[in-house]
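Numbering of ligands and ligand atoms starts at 1, following listing order. When reading the values below, keep in mind they use all heavy atoms of this one structure, side chains included, and skip hydrogens, waters and symmetry mates.
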Amino acid sequence: MCFNCAIMNADIVNICMNFTVLSLFPEMFESFQRDSIVGRAVKEEKINFELMNIRDFGIGKHRQVDDTPYGGGEGMLMMCEPLFTAFENVECKTKNVNKRRIIYMTPQGESFTQQKAAELAEYDELVILCGRYEGVDQRVRDELIDEEISIGDYVLTGGEIPAMVVMDSVIRLLPGVLGKEGSHVNDSFSEAFDGKREHPHYTKPADFNGMKVPDVLLSGNHAEIEKWRRENLR
Ligand code: SAM
């Protein structure tokens, strides 16, 4: 990783994590960073987003960001120059490179898991590059990226939704982000569930059109309820 970003360390006194996203469609993140739990975390300054439009670093008057691949073939590739320039303009919030992770979203990356989300939640800063077209020039990947992540074995049109998947799963693990502190501890894949998927849940009414809630959950017997829940982990 060779980019020299400007350090803005003073900005993050109370921020748990800073996210910088490089994308050709930064407007896709507007609702994501505004609404629901993520929006509240932004308002409470637990997290901070910097959205960078790669087009701003495009070449020439047309702000070119892509070109045809050497060797031929269909589709376009995102070029080195706009991406290297964009990375030079990333305003890093931490001086410590060990507290920062630079990620490229790609179907060729390592499959994303809850364990990876927990690992990423330990960093102070994530910088995420979203690809478009056929992806990015390999030299960008070789020189600028710490880690490549795939959200699954299928191909989307761009890295924006994958970046949101990764950020959402990381953000909800950060201290104080979920309303009830620690409420991610009993989620699917957690240690508490031996890595298994969560048991079924029911809420009122106890009888909905003849579909009944299991008696044990209405019994008030906490030991039996806990036993039933463990037996019904999936
Ligand atoms: N040519 C690439 C390939 O076959 O692996 C696919 C490129 S895809 C059309 C464009 C961009 O979408 C990728 O550069 C990546 O950023 C993003 N993308 C698509 N599917 C993804 C996935 N499953 N996980 C992560 N990113 C993905």
Side-chain angles (χ1 to χ4, degrees), residues 1-3 5 17-33 38 47 49-59 62-90 92 100-123 125-173 188-189 197:
M1 199 274 296
C2 74
F3 74 89
C5 49
M17 187 177 274
N18 190 73
F19 297 89
T20 299
V21 180
L22 294 94
S23 162
L24 282 170
F25 298 96
E27 60 279 10
M28 286 179 71
F29 295 88
E30 276 169 21
S31 160
F32 176 69
Q33 63 169 342
V38 174
I47 54 171
F49 285 102
E50 302 291 340
L51 299 174
M52 293 178 67
N53 192 337
I54 296 165
R55 183 76 57 192
D56 292 343
F57 306 95
I59 302 168
H62 297 298
R63 301 254 180 236
Q64 184 186 357
V65 293
D66 59 318
D67 212 330
T68 52
Y70 281 120
E74 285 170 11
M76 304 292 273
L77 273 180
M78 293 173 75
M79 302 161 77
C80 282
E81 188 179 326
L83 290 173
F84 273 78
T85 313
F87 271 97
E88 275 163 21
N89 282 275
V90 171
C92 295
R100 180 172 72 224
R101 202 74 176 148
I102 301 166
I103 298 165
Y104 172 48
M105 303 310 308
T106 168
Q108 298 147 40
E110 184 191 333
S111 290
F112 192 56
T113 59
Q114 186 65 22
Q115 195 185 335
K116 174 58 70 176
E119 206 181 297
L120 293 178
E122 296 297 318
Y123 288 90
E125 180 158 30
L126 299 183
V127 179
I128 306 183
L129 172 60
C130 306
R132 280 272 155 181
Y133 317 117
E134 290 306 321
V136 306
D137 188 300
Q138 184 60 39
R139 290 165 288 188
V140 171
R141 299 165 70 166
D142 293 342
E143 290 297 318
L144 300 177
I145 302 298
D146 294 327
E147 176 165 3
E148 300 190 336
I149 296 178
S150 163
I151 61 157
D153 290 348
Y154 42 80
V155 179
L156 304 175
T157 53
E160 288 75 14
I161 292 170
M164 284 186 247
V165 168
V166 168
M167 290 192 292
D168 192 281
S169 59
V170 169
I171 288 166
R172 66 190 295 288
L173 297 180
S188 294
F189 316 115
R197 291 167 172 81

Open item on the list: Can you tell me which residue among L129, V65, L77 is in a side chain to side chain contact (heavy atoms under 4.5 Å, CB included) with V136?
Closed with: L129
TODO: Can you tell me which residues line ligand 1 if we count any heavy atom under 4.0 angstrom from one of its atoms, in chain and number order?
DONE: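 Shell around ligand 1 (4.0 Å, heavy atoms): Y104, M105, T106, P107, Q108, G131, R132, Y133, E134, G135, I149, S150, I151, G152, Y154, V155, L156, T157, G158, G159, P162.
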- [ ] Answer yes if the side chains of E160 and S23 hold a donor-acceptor pair under 3.5 Å, and no otherwise.
- [x] yes
So, do [X] and [Y] sit near enough that their side-chain heavy atoms are less than 4.5 Å apart?
{"X": "I171", "Y": "F19", "value": "yes"}
{"X": "M105", "Y": "I149", "value": "yes"}
{"X": "M167", "Y": "I128", "value": "yes"}

Task: salt bridge (charged side-chain N to carboxylate O under 4.0 Å, His left out) partner of E147, the single match among R101, R141, R100 - done: R101
